[in-house]
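Every chain is numbered from 1, with letters handed out A, B, ... down the list of sequences.
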Protein chains: 2
Amino acid sequence: MAANRTSKKTACCSDTNPCPLPPDQSAEQLATLAWAIAHPARVRIVRLLISRNTCVCGEIVDEMPLAQSTVSQHLKILKESGLVQGEVDGPRVCYCINPENLSALKALVGSL
Amino acid sequence: MAANRTSKKTACCSDTNPCPLPPDQSAEQLATLAWAIAHPARVRIVRLLISRNTCVCGEIVDEMPLAQSTVSQHLKILKESGLVQGEVDGPRVCYCINPENLSALKALVGSL
DNA sequence: AATGTTTATCGTCGATATACGATAGGCGAC
DNA sequence: GTCGCCTATCGTATATCGACGATAAACATT
């Protein structure tokens with residue numbers, strides 16, 4: 001599912017016009033971001049990334065009772081949602097929170 | 001990597017009980033609540049229920065481009081998550097937000 | 001009692017999430 | 001170079017979602 005990110009509403013406001021937020025579009029954005037944390041394993045991953053302010057690499061697997069491939073899948077979902085970004089750093093990949101989208105999630109939930 | 005057990009423990013509880021709420025539980029609670037709004041249709045339903053402060057009955061179906069059975073399914077999911085509660089009122093069922101769990105969702109997301 | 005309205009449930013379909021093991025690829029260390 | 005570590009991907013199996021139509025259940029009205 002994972003709400004398609006190719007939603008073409010665009011009928012609400014023009015490019016230059018502020019138009020706070022088209023209801024449908026913000027609904028899909030919120031759904032996408034909520035979907036990212038709609039699994040306990042991903043919640044734990046997100047919290048881990050936030051607590052360790054620096055990027056985290058393989059430690060994530062050690063903290064979770066899941067296979068490495070499964071954790072990789074969750075990380076992929078988190079990356080696709082935009083809540084997490086990963087950067088290659090030599091032999092390992094370091095993940096960190098995307099603060100912009102985390103703020104967006106907080107704002108969208110907070111304004112419910 | 002199980003070397004840094006000491007710094008992993010955050011003070012999740014401080015009262016009489018020896019931590020009856022392990023991090024997993026709050027992760028599951030957040031995942032459950034996030035799952036409730038992890039679909040655009042459910043986001044719209046939740047927003048509709050919040051905007052109309054009174055309970056809403058069949059109007060939800062009219063506002064959504066979905067079949068009645070599908071909307072009923074989404075409402076069932078929202079009820080199971082605890083974010084929405086429904087009360088029988090004569091021949092119809094009236095839904096309203098469960099403010100307690102909505103606050104819990106906001107708090108959990110906000111404290112990320 | 002019969003009817004109409006409203007909501008829930010059933011059955012079904014396709015699509016996708018979740019989990020795992022096995023495998024492939026990249027990079028540092030020896 | 002070869003080896004070992006870390007991560008991604010593939011393939012697979014199971015379970016669930018999301019959607020619909022059709023039907024059942026509960027209630028007010030007639």
Against the side chain of A:V93, the closest entry in C:dA8, D:dT7, C:dA17 is D:dT7
Rounded to whole Å, the CG-P distance (A:L75 to C:dA17) equals 15 Å
query = Counting only N and O atoms by type, is there a donor-acceptor contact under 3.5 Å from the side chain of A:S72 to the main-chain atoms of A:Q68?
reply = no
Separation of C:dA15 atom C1' from A:W35 atom CH2, nearest Å, is 12 Å
Rounded to whole Å, the CD1-P distance (A:I37 to C:dT18) equals 13 Å
Applying side chain to side chain contact (heavy atoms under 4.5 Å, CB included) to A:L48 and A:R44, what does each step give before you reach the verdict?
CA-CA 6 Å; A:L48 189 69; A:R44 291 183 60 182; over 6 Å; no
Judged by nearest nucleotide, the residue sitting upstream toward the 5' end of DNA chain D, B:I77 or B:Q68, is B:I77
Assign B:L66 to base, sugar-phosphate, or nothing according to its heavy-atom contacts below 4.0 angstrom with the strands shown. sugar-phosphate
Atom CG of B:L78 and atom P of D:dG18 are separated, to the nearest Å, by 10 Å
Rounded to whole Å, NE2 of B:H74 lies from P of D:dT16 at a distance of 18 Å
Base of C:dA8, side chain of B:Q73 - is there a donor-acceptor contact under 3.5 Å? no
Practice prompt. Scan side-chain atoms only and decide if B:R42 and B:S81 contain a donor-acceptor pair under the 3.5 Å cut-off.
Written response: no
Side-chain contact check for A:Y95: nearest option of D:dT7, D:dG21, C:dC20 is D:dT7
message = Measuring to OP1 and OP2 of C:dC20, would you say a side-chain N or O of A:T70 lies under 4.0 angstrom away?
response = yes
Of C:dA8, C:dA17, C:dT9, the nucleotide closest to the side chain of B:K76 is C:dT9
DNA chain C nearest-nucleotide lookup for B:S69 and A:H39: closer to the 5′ end is B:S69
Note to self: Between B:V84 and B:N98, is the side chain to side chain contact (heavy atoms under 4.5 Å, CB included) condition met? List the steps.
What the structure shows: CA-CA 5 Å; B:V84 161; B:N98 184 334; over 6 Å; no
Minimal heavy-atom distance between A:Y95 and A:L49, with the atoms involved, is O-CD2, 3.5 Å
Per atom distances to the A:R42 side chain, the nearest of D:dG21, C:dT18, C:dA8 is C:dT18
Whole-Å distance, B:E59 CD to C:dT7 C1', equals 15 Å
